[in-house]
Protein chains: 2
Amino acid sequence: MQKSHEDRQSAAPAYHVDRQVGFFLRQANQRHVAIFANAIGDKLTTTQWSALSKLKEIQPCSQNQLGRETAMDVATVKGVVDRLVKRGFVATAPDQNDGRRVVLSLTEDGLAVIAANVGAAVAATEETLAPLTSGERMMFLELLQKIC
Amino acid sequence: MQKSHEDRQSAAPAYHVDRQVGFFLRQANQRHVAIFANAIGDKLTTTQWSALSKLKEIQPCSQNQLGRETAMDVATVKGVVDRLVKRGFVATAPDQNDGRRVVLSLTEDGLAVIAANVGAAVAATEETLAPLTSGERMMFLELLQKIC
DNA sequence: AATTTTTCATTTGTATGCGAATGAGTATCA
DNA sequence: TGATACTCATTCGCATACAAATGAAAAATT
């Protein structure tokens, strides 16, 4: 078998975008977002869901803190929170001790929408990992966390 | 040790957003995009890089086909291609046989910018996977592909 | 040949996601 | 106290990402 022109020129293997981690990460994320959107009943995005869920754990808290806890940029979390406030899931109040802060908390509706969709969120996680066996899932999650 | 209220109510484990695949996938992708942006010298995004690299493999081709090959929505690939055309990396021409199609191809500058940045792209992949050992990388990529 | 379906490209609207800049408020420290 | 540094929230610009709708052209079907 004759060697290809490329192989004759250098020992470096051919570059293929569709074999790079970044390419797969983007696709895997895309697939999960689609699964989540399909599973959830109340038109909540993955980031909105993250914000709501995290807020339930750490409320009351400032907007920036929520952003840090959910790995969102300040500009990003601003938009996410704005939409959640607009829909009545999150309430804002000025901080008494710090004039800069806006204190975030969940409303009744916010708590209700979380309760109503936890099942779907769990199902979305399950469906995303469906192609993997139980052992593969543990291994995958462990490795995935390492590159975050 | 007394059982928590939650445990008494149900056998279901507590839900934590920051332990779900989706949460990690988003973060891992974020980190890679940041690494890539930092490594590349010519202000190319990961999607723009995907489009250019793939185009080099399959040119000439239509816009929609490029979108399918790079896992991009028709609306998304439109914007990506527009910016690449604007910067002179991609040329468009009407298809002789099909009045709907726009035939895409790389320009001289397009080929040059790819050549000038392959090294950085490889380095970005390397840095993204840096937290993993060689064996872990193979395992991770294999599992990641399964959930795409 | 006429109808239906599919494909292609485009546009609109909504939602992230980040860099960078700004202004207001707080904390630190000389 | 006064200068400096930091934090918080906001805003602007740019770049994905998808749903949905549109119009034009091609392919498949009857």
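Labels below follow one simple rule: chain letters A, B, ... track the order of the sequence lines, proteins then strands, and each chain is numbered from 1. Values reported hereafter were calculated over all heavy atoms of this structure, with side chains retained and with hydrogens, waters and symmetry mates removed.
Across C:dT7, C:dC8, C:dC18, the shortest atom-to-atom separation from the side chain of A:Thr76 is found for C:dC18.
Checking A:Val74 against A:Val33, the closest nucleotide of DNA chain D that is more toward the 5' end is the one next to A:Val74. Both B:Asp82 and B:Arg100 lie near DNA chain C, and the one whose nearest nucleotide falls closer to the 5' end is B:Arg100. Closest-nucleotide positions on DNA chain D for B:Arg83 and A:Ser62 were compared, and the one nearer the 5' end corresponds to A:Ser62.
Using a 4.0 Å heavy-atom cutoff across all strands shown, B:Gly99 reaches sugar-phosphate atoms only and no base atom. Across all strands, A:Asn97 comes closer than 4.0 Å only to sugar-phosphate atoms, never to a base (heavy-atom distances). Within 4.0 Å of A:Asn64, counting heavy atoms only, lies at least one base atom of the nucleic acid.
Only at 4.0 angstrom or more do the heavy atoms of residues 44-53 of chain A sit from any atom of DNA chain D, so none qualifies.
Using cut-offs of 30° and 60° on the angle between ring planes, the pair A:Phe140 and B:Phe140 is parallel.
For the pair A:Arg26 and A:Phe23, the cation-pi test (distance below 6.0 Å, angle within 45°) is passed.
Atom NZ of B:Lys78 and atom P of C:dT7 are 21 Å apart (whole Å). What separates CG of B:Asn29 from P of C:dG17 is a distance of 9 Å, to the nearest Å. Spacing between atom CD of B:Gln65 and atom P of C:dC8 amounts to 8 Å, rounded to whole angstrom units. Nucleotide C:dT14 holds its C1' atom 13 Å from the CG atom of B:Asp73, rounded to whole Å. Put simply, CZ on B:Arg26 is 13 Å from C1' on C:dC18, counting in whole angstrom units. If you take CG of A:Asp95 and C1' of C:dT26, they are 12 Å apart, rounded to a whole angstrom. Spacing between atom NZ of A:Lys43 and atom P of C:dT16 amounts to 13 Å, rounded to whole angstrom units. Regarding B:Arg31, its CZ atom lies at a distance of 17 Å from the C1' atom of C:dC18, rounded to whole Å.
Nucleotides of DNA chain D that come within less than 4.0 Å of any heavy atom of chain B span, from the 5' end to the 3' end, D:dA15 to D:dA26.
The phosphate of C:dC8 has OP1 or OP2 within less than 4.0 Å of a side-chain N or O from B:Arg101.
At a cut-off of 3.5 Å, with distance as the only test, no side-chain donor of A:Ser105 or A:Gln59 sits close to an acceptor on the other residue.
Residues B:Ile35 and A:Ile147 fall into different hydrophobic clusters, defined by Ile, Leu, Val, Met, Phe, Trp and Tyr side chains chained together at heavy-atom separations under 4.5 Å. One hydrophobic cluster holds both B:Trp49 and B:Val85 under the rule that ILVMFWY side chains link at heavy-atom gaps under 4.5 Å.
Using a 4.0 Å cut-off between a side-chain N of Lys or Arg and a carboxylate O of Asp or Glu, A:Arg137 and A:Glu126 qualify as a salt bridge. Classification of B:Asp82 and B:Lys78 as a salt-bridged pair holds, one side-chain N sitting under 4.0 Å from a carboxylate O.
Scanning all heavy atoms of the two residues, the minimum distance from B:Arg87 to B:Asp42 falls at NH2-O, 2.7 Å.
Rounding to the nearest 0.5 angstrom, the gap separating the CG atom in B:Asn29 from the CZ atom in B:Phe24 is 15.0 Å. In this structure, the separation between SG on A:Cys148 and CG on B:Asp18 is 11.0 Å, given to the nearest 0.5 Å.
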